[in-house]
Amino acid sequence: MSSTPAAEVARYTLPAQLLHWLIALLIFGLFPLGLYMHGLPLSVRKIELYSWHKWFGITVLLLVVLRIGWRLTHRPPPLPGDIPPWQQATATLMHELLYLLILCIPLSGWALSSAAGVPVVWWGVWKLPNLLPANPAMAHLLELVHATLNYTLAALVAVHIAAALKHQFIDHDGVLLRMLPRLLPRSLPRPRR
């Protein structure tokens, strides 16, 4: 069990941190919204909620593309050296799966709308091209795919959060701090006696 001082933790870049937390915030809003709106009877309110869900979903898609591009051009900070290799490999796999799901979920939702014959008009302004022709059977299949991907993401996010909390509160190794902005100066002045 190590204890890494906050000032010594190598952190992700500020753009990476901002993209991470913005995407997380949107996902934490989109998932319960999707559960809520799915069970509503057909109404103007339900259609409005679906529109908001699509708008924010496409926004997540754009943000995750930016995040992946940033990640490919900016190496993440190294993990502490005392983390076992199997945990490092698991962390890498987890991040890759999270990126894949965050990319595939909005695409599956967009494809679902296309197959259902309902265009996606981002923020009510930009009509996006249909990814598929209208096909009710395909729409039903994509609805199952979209739901399955979302539940898988929810499970992986729960594991991701649990691992971050374990590193922070049990291992005390500074892993969680890597994704938090540096709020304190590198060295704090010592109090006078």
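- Hydrophobic clustering of Ile, Leu, Val, Met, Phe, Trp and Tyr side chains at less than 4.5 Å, counting indirect connections, unites Leu98 with Ile161.
- Proximity of Leu156 to His160: side-chain heavy atoms (C-beta onward) are nowhere separated by under 4.5 Å.
- Here the side chains of Leu153 and Leu149 are not in contact, with every heavy-atom distance at 4.5 Å or above.
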Could you give me the CA-CA distance, side-chain angles and deciding distance for Val120 and Trp126, then say whether side chain to side chain contact (heavy atoms under 4.5 Å, CB included) is met? CA-CA 8 Å; Val120 176; Trp126 295 287; over 6 Å; no
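- Leu93 places a side-chain heavy atom less than 4.5 Å from the side chain of Leu97.
- Distance check: Leu103 CG to Ile68 CD1 gives 5.0 Å after rounding to the nearest 0.5 Å.
- Residue Trp123 holds its CH2 atom at 10.5 Å from OG of Ser51, rounded to the nearest 0.5 Å.
- The heavy-atom pair separating Gln88 from Pro80 by the smallest distance is NE2-O, 3.9 Å.
- At a threshold of 4.5 Å between non-hydrogen side-chain atoms, the residues Leu35 and Tyr151 count as touching.
- Once rounded to the nearest 0.5 Å, the distance linking CG of Asp171 with CG of Asp82 reads 8.0 Å.
- Annotation for Leu33: hydrophobic cluster partners, listed by chain and number, are Tyr36, Met37, Leu40, Leu49, Tyr50 (ILVMFWY side-chain heavy atoms under 4.5 Å, direct or chained).
- Under the 4.5 Å side-chain contact rule for hydrophobic residues, Met179 and Leu63 do not share a cluster.
- Of all heavy-atom pairs spanning Leu142 and Leu112, the tightest one is CD1-N, 3.8 Å.
- Summarising the local packing, NE2 of His140 is surrounded by 12 or fewer heavy atoms from other residues, nucleotides or ligands at distances under 6.0 Å.
- Considering every non-hydrogen atom in both Pro119 and Asn130, the closest pair reads CA-OD1, 4.2 Å.
- Under a hydrophobic clustering in which Ile, Leu, Val, Met, Phe, Trp and Tyr are joined whenever their side-chain heavy atoms come within less than 4.5 Å, directly or via other members, Val118 and Val145 fall into different clusters.
- One distance of note links NZ of Lys54 with CH2 of Trp122; it measures 15.5 Å at 0.5 Å rounding.
- Using a distance-only test at 3.5 Å, with no hydrogens or angles considered, a donor-acceptor pair links the side chain of Arg178 to the main chain of Pro77.
- Taking every heavy atom of both residues into account, Ser108 and His146 meet most closely at OG-ND1, 2.7 Å.
- Between Arg11 and Leu177, the closest heavy-atom pair is NH1-O, 2.9 Å.
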The test is side chain to side chain contact (heavy atoms under 4.5 Å, CB included); show your working for Gln17 and Leu180 and say whether it passes. CA-CA 7 Å; Gln17 292 174 3; Leu180 297 176; 5.8 Å; no
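- Distance check: Gln87 CD to Thr92 OG1 gives 11.5 Å after rounding to the nearest 0.5 Å.
- Atom CD1 of residue Ile102 and atom CD1 of residue Ile23 lie 6.0 Å apart, to the nearest 0.5 angstrom.
- Between Tyr12 and Trp21, a ring centre-to-centre spacing not shorter than 6.0 Å is recorded.
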When you look at His167 and Ile83, which way does the side chain to side chain contact (heavy atoms under 4.5 Å, CB included) test go after all the steps? CA-CA 10 Å; His167 281 285; Ile83 294 181; 3.8 Å; yes
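- With hydrophobic clusters built from ILVMFWY side chains whose heavy atoms lie under 4.5 angstrom apart, Leu101 shares a cluster with Phe56.
- Using a 4.5 Å cut-off between side-chain heavy atoms of Ile, Leu, Val, Met, Phe, Trp and Tyr, with links allowed through other members, Leu61 and Val157 fall into the same hydrophobic cluster.
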Dump the intermediate steps for side chain to side chain contact (heavy atoms under 4.5 Å, CB included) on Leu128 and Trp110, then the final yes or no. CA-CA 9 Å; Leu128 302 181; Trp110 184 359; 3.6 Å; yes
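- Listed for the His74 side chain is a donor-acceptor partner under 3.5 Å among the backbone atoms of Trp70.
- The two residues Gln168 and Leu176 come nearest to each other via the heavy atoms OE1-CB, 3.6 Å.
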